[in-house]
Amino acid sequence: QALLREAAALGADAVTQASSLGAEDVVITHLINALALDIPVLVLETGALHTETLALLERTQAHSRAPITVYRPALESVVHFIRTEGQDAMYRSIELRKACCGIRKMEPLGRALAGKRGWVTGLRREQSNARADVPLVDTTEVPTKQLTKFNPLASWTWGDVWHYIATNGVDYNPLHDQFFPSIGCAPCTRAIS
């Protein structure tokens, strides 16, 4: 809570929460609303999200005190990529998958973070070996500048996240009930056994 208050102190125009509508992110949005913090929320609607994610986005927009802004990729870039590489390009190579992410996620994220000084994420150390050293506060490089990245759940376990969701009756993405550990685009996000 203290870290979210620190982020909010930057001002509503200077900080935002980036939400994939996964378990960690719905917890953070719930905390922002419960604490009445002036931290707006951004969601990247890539044009390839699961229907369950889109339904949760609508419910979140309807019930959130914090404003939810949806960023979409530039339509002409998506159309050009699909015409050039095909609808299923992301399955053919890692380079094409990264190119798709660049168009659908990275470019809209860059627009969403333009003019910001910081952002709040749901990164947790337990998520992967690559995230084992995630600090509570970090700096991140975006084109032309550095932003302060707040990771209020860095030390939380998966159990902590679900305990919070259950205890507080937080609406969450039903894909998690189908063994999706993370939430992303439909072609690239998979359930695990």
Within the 4.5 Å heavy-atom criterion, are [X] and [Y] side-chain neighbours or not?
X    : Y    : answer
V137 : L3   : yes
L42  : I68  : no
R117 : T148 : no
T139 : L147 : no
L113 : W119 : yes
Q178 : E52  : yes

(request) Using a strict cut-off of less than 4.0 Å between a Lys/Arg side-chain nitrogen and an Asp/Glu carboxylate oxygen, indicate whether K149 and D138 qualify as a salt bridge. (result) no

Side-chain donor/acceptor of [X] to backbone N/O of [Y], under 3.5 Å:
X    : Y    : result
T53  : L49  : no
N173 : L175 : yes
H63  : R59  : yes
R97  : A89  : no
N33  : A66  : yes
Y172 : D177 : no
S19  : V41  : no
T157 : D160 : yes
R124 : N151 : no

If I compare all heavy atoms of [X] with all of [Y], which pair ends up nearest, and what's the gap?
X    : Y    : answer
P152 : T121 : CD-O, 3.5 Å
G47  : R104 : C-NH1, 3.8 Å
A18  : D25  : O-OD1, 3.6 Å
R65  : D38  : NH2-OD1, 3.2 Å
G22  : I183 : CA-CG1, 3.6 Å
P108 : G102 : CD-O, 4.5 Å

Under a single-linkage definition using a 4.5 Å side-chain heavy-atom cutoff for Ile, Leu, Val, Met, Phe, Trp and Tyr, are [X] and [Y] assigned to the same hydrophobic cluster?
X   : Y    : result
V15 : L136 : yes
L37 : V27  : yes
L44 : V26  : no

Nearest-0.5 Å distance that lies between atom [atom1] in [X] and atom [atom2] in [Y]:
X    : Y    : atom1 : atom2 : answer
L31  : Q1   : CG    : CD    : 6.0 Å
L57  : T51  : CG    : OG1   : 12.5 Å
I32  : I39  : CD1   : CD1   : 4.5 Å
E85  : C100 : CD    : SG    : 10.5 Å
Y71  : L109 : OH    : CG    : 10.0 Å
W156 : I28  : CH2   : CD1   : 8.5 Å

(message) So, using side-chain contact (heavy atoms from CB on, under 4.5 Å) as the criterion, who are the partners of P181 when residues are at least two apart?
(response) I192

(request) Test side chain to side chain contact (heavy atoms under 4.5 Å, CB included) on V170 and Y164 and set out the steps. (result) CA-CA 8 Å; V170 177; Y164 185 93; 3.9 Å; yes

(request) Report the C-alpha separation of Q61 and V43 in whole Å, then their side-chain angles, then the decisive distance to 0.1 Å, and conclude whether the side chain to side chain contact (heavy atoms under 4.5 Å, CB included) test is met. (result) CA-CA 10 Å; Q61 287 175 306; V43 174; over 6 Å; no

(request) Start with the C-alpha gap between V120 and T16, add the side-chain angles, then the distance that decides, and say whether side chain to side chain contact (heavy atoms under 4.5 Å, CB included) holds. (result) CA-CA 6 Å; V120 179; T16 188; over 6 Å; no

(message) Counting neighbours of CG on N168 that are heavy atoms of other residues, nucleotides or ligands and sit closer than 6.0 Å, is the number greater than 12?
(response) yes

(request) Give me the other members of the hydrophobic cluster that V78 sits in, counting Ile, Leu, Val, Met, Phe, Trp and Tyr linked by side-chain heavy atoms under 4.5 Å, directly or via other members. (result) F81, I82, L96, I103

(message) Ring centres under 6.0 Å, that's the criterion: do H176 and W158 meet it?
(response) yes

(request) Could you tell me whether the side chains of T29 and Q17 share a donor-acceptor contact shorter than 3.5 Å? (result) yes

(request) Would you please test S77 and E107 for side chain to side chain contact (heavy atoms under 4.5 Å, CB included) and show each step? (result) CA-CA 10 Å; S77 297; E107 186 279 329; over 6 Å; no

